[in-house]
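Here's the structure we're looking at; comments come further down.
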Amino acid sequence: MSRGTRAVIDLRALQHNFQQVRARAPASRILAVVKADGYGHGAVAVARALSDADAFGVATFGEALVLQQAGIQKPILLMEGVTSAEELQLAAQHRFQIVVHQFWQLALLQRVAVANPLVVWLKVDTGMHRLGIPLNACMQVWEQLRACAGVQEVRLMSHLACADDVAHPLNQSQCSSFSQLMTATGASTGSLANSAGLLRGSAFQHQWVRPGLMLYGATPLAEASAEALNLQPVMQLESRIIATSMVPAGETVGYSATWRAQKDTPIGVVAIGYGDGYPRHVSSEAFVLIKGQRCPLVGRVSMDMVTVDISAVPDATLETPVLLWGRDLPVEEVARWAGTINYELLCQVTDRVERVYRAD
Ligand SMILES: Cc1ncc(COP(=O)(O)O)c(C=O)c1O
């Protein structure tokens with residue numbers, strides 16, 4: 001008997017979600033964000049399945065290399081730029097596109113000779129105050145980048161801080177600042193929107209959109225479910241029951257004996273824990289689905305196992321499949337129980353969990 005703990009990745013759902021992006025931003029090109037191993041889905045498999053994407057976005061040089069070595073031919077953007085002169089030279093050799101968000105990265109480009117001129121995205125700080133050149137210095141940096149021998153083309157980008165919150169005033173102010181800068185520089189290519197941003201309509205979409213989360217079928221908006229946005233969950237996290245027992249009334253279950261049976265209770269032990277990426281801190285509302293029935297978690301989540309009350313499924317037995325999240329149990333719900341966000345849960349599924357790809 002195998003442990004049966006796996007993340008089933010539905011590549012059809014991924015492609016469906018990509019089409020939703022196309023439909024929502026028909027005039028924009030799509031840079032599919034596949035950093036953090038494709039938000040835990042497997043960056044290479046995701047990039048291969050998204051053959052219609054116009055480019056891919058990653059955070060690190062290593063992530064870009066993995067894609068290229070797997071034969072991905074589309075442009076790959078290093079969204080945090082390079083970290084050293086050596087990395088700049090390698091990025092040019094590999095024909096990666098780079099972000100420039102700090103003055104020292106501009107200085108590198110001015111001083112280091114590169115094998116091939118690069119496409120550079122000047123990242124502007126329009127209000128998030130994380131990465132980006134301050135607005136008042138952008139015109140100058142724009143001109144300086146254009147004067148670099150190692151720069152083939154300069155594009156503009158920025159990142160939204162609060163796009164998940166439709167009513168947040170920062171959205172409009174960032175959007176206006178970015179549009180003004182596009183006009184002032186005369187830039188022909190710009191990008192502002194992540195998933196939540198692109199859902200806000202054409203004013204945010206510019207020439208390129210950069211969706212991540214919505215490609216994976218999770219909702220980027222606080223107020224709308226994935227289903228309401230016509231997105232299909234790509235990851236289904238599954239495991240199995242590996243032990244069952246009847247815990248007598250009055251006895252406790254698990255570490256620190258935090259849960260006590262009020263009556264004789266059938267307990268199933270499920271082969272998944274925080275060592276697989278299932279969050280350790282979930283509220284008392286947490287449940288899993290077994291044969292479509294809600295079975296509450298009881299006791300602490302341990303490294304390799306969770307314990308569930310299987311009263312609702314009298315025929316649950318060894319090897320019975322268990323759904324942790326997926327189509328019938330949105331990852332957003334688990335995130336809520338865990339006091340976190342869907343992004344984190346998807347990214348933190350560990351390597352121990354086999355990824356199984358479905359394309360049918
Ligand atoms: C610069 C940049 N663009 C786009 C994205 C994609 O964001 P999302 O997953 O919310 O669509 C990210 C992800 O954090 C990012 O850092």
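Position 1 is the first residue of the sequence; numbering continues from there. The structure displayed is predicted, hence computed values, not measured ones. Counting starts at 1 for both ligands and their atoms, following the listed order.
Short contacts between ligand 1 and Y39, defined as distances under 4.0 Å to a heavy atom of the residue, involve ligand atoms 6 (C), 7 (O), 8 (P), 9 (O), 13 (C). The contact set between ligand 1 and L213, taken as ligand atoms under 4.0 Å from a residue heavy atom, comprises 8 (P), 9 (O), 11 (O). Those atoms of ligand 1 with a heavy atom of P211 less than 4.0 angstrom away are 11 (O).
In terms of polar-atom proximity, defined here as any N/O pair under 3.5 Å, M157 makes no such contact with ligand 1. For ligand 1, the polar-atom distance check against K123 finds no nitrogen or oxygen pair separated by under 3.5 Å.
Nearest protein heavy-atom neighbour of atom 10 (O) of ligand 1: Y343 OH, 2.5 Å. Among protein heavy atoms, atom 11 (O) of ligand 1 sits closest to S195 OG, 2.5 Å. Shortest contact from atom 7 (O) of ligand 1 to any protein heavy atom: N194 CB, 3.3 Å.
The shortest non-hydrogen separation linking L231 to A218 is CD1-O, 3.7 Å. For the pair G268 and I241, the tightest heavy-atom approach, listed with the atom from each and the gap, is CA-CG2, 4.3 Å.
Residue H159 touches ligand 1 through its side chain alone, judged by heavy-atom distances below 4.0 Å. Of the heavy atoms in K35, only side-chain atoms (C-beta onward) come closer than 4.0 Å to ligand 1.
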Practice task
Could you walk me through whether N194 and R210 pass the side-chain hydrogen bond (donor to acceptor under 3.5 Å, both in side chains) test, one step at a time?
Solution key: CA-CA 5 Å; N194 56 358; R210 308 187 309 270; over 6 Å; no

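Considering R3, R6, Q348 in turn, R3 is the only one that fulfils the side chain to side chain donor-acceptor pair (under 3.5 Å) rule with D276.
Legend: residues meeting side-chain contact (heavy atoms from CB on, under 4.5 Å) with R24, ordered by chain and number and at least two apart, are L198, L199, L229. Applying the ring pair (Phe, Tyr, Trp, His ring centres under 6.0 Å) test to H159 and every residue at least two apart in sequence or in another chain returns nothing.
Aromatic rings of F96 and F61 (six-membered ring for Trp) have centroids within the 6.0 Å cut-off, being under it. Ring to ring, Y39 and H41 are not that close: their centroids are 6.0 angstrom or more apart.
For atom 1 (C) of ligand 1, the nearest non-hydrogen atom from the set H101, R210, M128, M214 belongs to R210.
By the 4.0 Å heavy-atom criterion, A196 is excluded from the residues contacting ligand 1.
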